[in-house]
There are 4 protein chains.
Amino acid sequence: MSVVPTAVAEPEEHLYGRPDKRRSILDAAAQMFGELGFERASVDAIALKAGVSKPTIYSHFGTKERLFRESLGESAARLNRDLMAAIDGLDVTTRTWRAALHALGESLVACHQSECSQSLQRQIVAEVKRDPELSTAISERASGPLLDALATKLARLSEAGHLRVKDPELAAKQLIALTNAEMVELSAMGTRRVAADDARRAARAGVDAFLAAYAR
Amino acid sequence: MSVVPTAVAEPEEHLYGRPDKRRSILDAAAQMFGELGFERASVDAIALKAGVSKPTIYSHFGTKERLFRESLGESAARLNRDLMAAIDGLDVTTRTWRAALHALGESLVACHQSECSQSLQRQIVAEVKRDPELSTAISERASGPLLDALATKLARLSEAGHLRVKDPELAAKQLIALTNAEMVELSAMGTRRVAADDARRAARAGVDAFLAAYAR
Amino acid sequence: MSVVPTAVAEPEEHLYGRPDKRRSILDAAAQMFGELGFERASVDAIALKAGVSKPTIYSHFGTKERLFRESLGESAARLNRDLMAAIDGLDVTTRTWRAALHALGESLVACHQSECSQSLQRQIVAEVKRDPELSTAISERASGPLLDALATKLARLSEAGHLRVKDPELAAKQLIALTNAEMVELSAMGTRRVAADDARRAARAGVDAFLAAYAR
Amino acid sequence: MSVVPTAVAEPEEHLYGRPDKRRSILDAAAQMFGELGFERASVDAIALKAGVSKPTIYSHFGTKERLFRESLGESAARLNRDLMAAIDGLDVTTRTWRAALHALGESLVACHQSECSQSLQRQIVAEVKRDPELSTAISERASGPLLDALATKLARLSEAGHLRVKDPELAAKQLIALTNAEMVELSAMGTRRVAADDARRAARAGVDAFLAAYAR
DNA sequence: AATGAATGAGATTTCATTCAT
DNA sequence: CATGAATGAAATCTCATTCAT
């Protein structure tokens, strides 16, 4: 769950031509772009942090823009993995489905509050006007699958007679919106770290509202 | 209601030193910052669009950063004015309070989708990490008052026996979250213009969910 | 006749905003481009030699390419002035027209061997493939007028019964070609300075051949 | 006669270390240098076009500069071969020597207008100031032999009583100068392709002038 | 002999900011 | 008060060249 995973130890050590320079570049880029944004993160600084030379970056990625996109893509994939794991964990068959839904809400909020997600959001919102394709790329890779999976789960709960959901995708969006409803203020727009307890409470409040609206 | 009002003709003509230069600078800044973001909007370009020279900008605002903040402040004030007008319009005393709440939802969504609001959001999210004070400044001037006013209205509705709201501020946040739940996707993160009909439908769906959760 | 004229003393001294920076930039550019060619002459070096900062160059000329073109234009104008002066000096009315033609030949060769002309030629030949417009620009400003003027003179000499010239423009081209016939080798393609005596002799040999072909 | 002959199929196949890589490198270099000049032609691009890797180029030629020189040397040799063939074809013994001289003039002009010759000229003029040895190298390999051979032929014609030539080498230079007198303008400094007819006419005009000056 | 990967040095260009008028 | 002109600093990107394999 670390934002910038240290390069995993490779089994066989190459002394030269190490293709894991790509990894260290992407890690450095994720960190710098995440902290400073596309414009203020200089390729020089990324190279320095990655421990490679500038031309190495350019030979690998061709353009600062492309490096940015690949970096975002990785972050989105990582975020998506976390989110999907959370959703997959939702057991809709047991009688404790309410507790499970609360747990899911907490997980979703935790994911959204992760540094990875926050910086991803910052970067996308900041650059989406310059490159609108970013929006589609990300929603295809992260928000889309998340919503689909969540909608499916809610449909199951509905079929099981627990919820009364006519439009599962809408309900999914509302569930996410509700769990995050308090987080913008609590985190001061992603500026402040939110205490785990507060996050949990906010998540529960959101799920409660959702249940109030949809539980049979 | 135009986002960037053209400088109105001034009644008294000065030969020079017209204090409305400040206005045209702020207008130009709002437009450029809104389109390009803080980094990519160059002071040169703002000066050109404002029809003044660069040093004039610096003598008025001292720093690009300060100009940015003032520009954001203005946008926030303008947005707040619109939002408050919408909320003030909510009549909680009549029997048609449900329709009024639906209308309010629609207004809120419309405000949030306005170019002014969208670009404000973009700018803040993009720069808030560099200057966390932005967050407080904006929430004090725009989101805060909005939430207060909305919470007050909801409390009234609760007192009047229409809703069952224990925590009005939480409910206010949830109402806003619900009305916007579908907008992120519909507008492709603010990239696409959303048809007025779609926006209205999305707003109603949000208000409906809110009522399902809170209506007595 | 100096390639890089020192900035002429201006009558009124401005202490600041001296527009003669343009002059010193152009002078430095002419020298650097002349010595090193377009690619190897760096804007840094030109700025240093001109005693200005790099951005000053860019604010004056916008682009290295444009600076190059303006520099070439000036050199061409200067060369043209010299060449025209030489041709204007040809008196076709006197009985000593042969001597005058020899003198003209010498002047033309001297002009062509001037550092200004040599470096102009180098630069144009080197860059004309990248920017074919250079060719037309220069022939319109330098070679064209020269040929016209020379052709006119030869036509006069023909009318006066001294020469038998059917196509004056062709004859003009041939006269120039003949006077320069030996110079390519003598100057080792512009690498070596040619002794004034050798240049004069070569010029006379060319004019002699011209007279052998065209004198009545 | 193609300027850049495609590498001919090699008779003996080595698994690697094929010595015809040198050929393909030289061919690619000739083309790139000819089109872009020394500076703008990157070793990367040459390696790509040659279908080899950069280090291969360096192991063969050591330096971009040396590759350039070898490339020029080859072009000069090729040009010289063509020119000498043209001159060797001049039969000074027949009574049709005038026609033969006209034909020779046409051949010379054709050679000079060949892409090979034009790009050679461009490259030398562009780089001769940086490396003056280029001048001697080329005149030894191309212009020098050409002039010698041509001078010898003219001397023969003089001995045969057809011409009155005192200084055969001077006459040779003048003949070449005269045949090319119109080509600079016609070809717009090597920018434009000249129609074969125009080239022929220009060549004849030059030879005519030569004959007017030197024919007995 | 040949190569994929890496790099130090340097290219052009832009920007926020400040003088002197 | 407003400005044209100037600049230090830094941005992205390219290139000739060299290792280690």
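Ionic pairing of D:Arg122 and C:Glu127 is not present here: no N-O contact between side-chain nitrogen and carboxylate oxygen is shorter than 4.0 angstrom. Ion pair C:Lys64/C:Glu70 not flagged as a salt bridge, since none of the NZ, NE, NH1 or NH2 atoms sits closer than 4.0 Å to an Asp/Glu carboxylate oxygen. With salt bridges taken as basic N to acidic carboxylate O contacts below 4.0 Å, one links B:Arg69 and B:Asp131. Classification of B:Lys49 and B:Glu35 as a salt-bridged pair fails, no side-chain N sitting under 4.0 Å from a carboxylate O. Salt-bridge formation is not detected for the pair C:Arg22/C:Glu74: no Lys NZ or Arg NE/NH1/NH2 atom is positioned less than 4.0 Å from an Asp or Glu carboxylate oxygen.
Nearest nucleotide to the C:Val52 side chain, out of E:dT7, F:dT7, F:dA2: F:dT7.
For the residue pair C:Ser53 / C:Thr56, a side-chain donor-acceptor distance below 3.5 Å is found, with atom types taken as modelled.
A perpendicular orientation is assigned to the rings of B:Phe33 and B:Phe68, their planes being inclined by more than 60° (bins at 30° and 60°).
Rounded to an integer number of Å, the gap from CG of B:Leu48 to C1' of F:dG4 is 14 Å. If you take CD1 of D:Ile57 and C1' of F:dT18, they are 14 Å apart, rounded to a whole angstrom. In this structure, CG of D:Leu67 is placed 15 Å from C1' of F:dC15, rounded to the nearest angstrom. Look at CE on C:Met32: it is 11 Å from P on E:dT12, rounded to the nearest Å. C:Phe61 has its CZ atom 13 Å from the P atom of F:dA5, to the nearest Å. Rounded to an integer number of Å, the gap from B:Arg22 CZ to F:dC1 C1' is 15 Å. The CZ atom of D:Phe33 sits 13 Å away from the C1' atom of F:dC15 (whole-angstrom rounding). Protein atom CD1 of B:Ile25 is 13 Å distant from nucleotide atom P of F:dC1, rounded to whole Å.
Screening C:Val43, C:Leu72, C:Leu26 against C:Leu67 for a side-chain contact (heavy atoms from CB on, under 4.5 Å) leaves a single residue, C:Leu26.
Regarding contacts with the backbone of F:dT7, a side-chain N or O of C:Thr56 is found under 4.0 angstrom from either OP1 or OP2. Contact annotation: B:His60 reaches the phosphate of F:dA2 (side-chain N/O to OP1 or OP2, under 4.0 Å).
For DNA chain F, runs of at least 3 consecutive pairs of the Watson-Crick or G-U wobble type, with both hydrogen-bonding distances under 3.5 angstrom, map to E:2-21 with F:2-21.
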Hey, what are the protein-to-nucleotides 13-16 of chain E N/O distances that come in under 3.5 Å?
{"unit_1": "E:dT13", "atom_1": "OP2", "unit_2": "C:Tyr58", "atom_2": "OH", "d": "2.8"}
{"unit_1": "E:dT13", "atom_1": "OP2", "unit_2": "C:Lys64", "atom_2": "N", "d": "3.1"}
{"unit_1": "E:dT13", "atom_1": "O4", "unit_2": "C:Lys54", "atom_2": "NZ", "d": "2.8"}
{"unit_1": "E:dA16", "atom_1": "OP1", "unit_2": "B:Lys64", "atom_2": "NZ", "d": "2.4"}
{"unit_1": "E:dA16", "atom_1": "OP2", "unit_2": "B:Val43", "atom_2": "N", "d": "3.0"}

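Note that the CZ atom of B:Arg130 and the CZ atom of A:Arg40 stand 4.5 Å from one another [nearest 0.5 Å].
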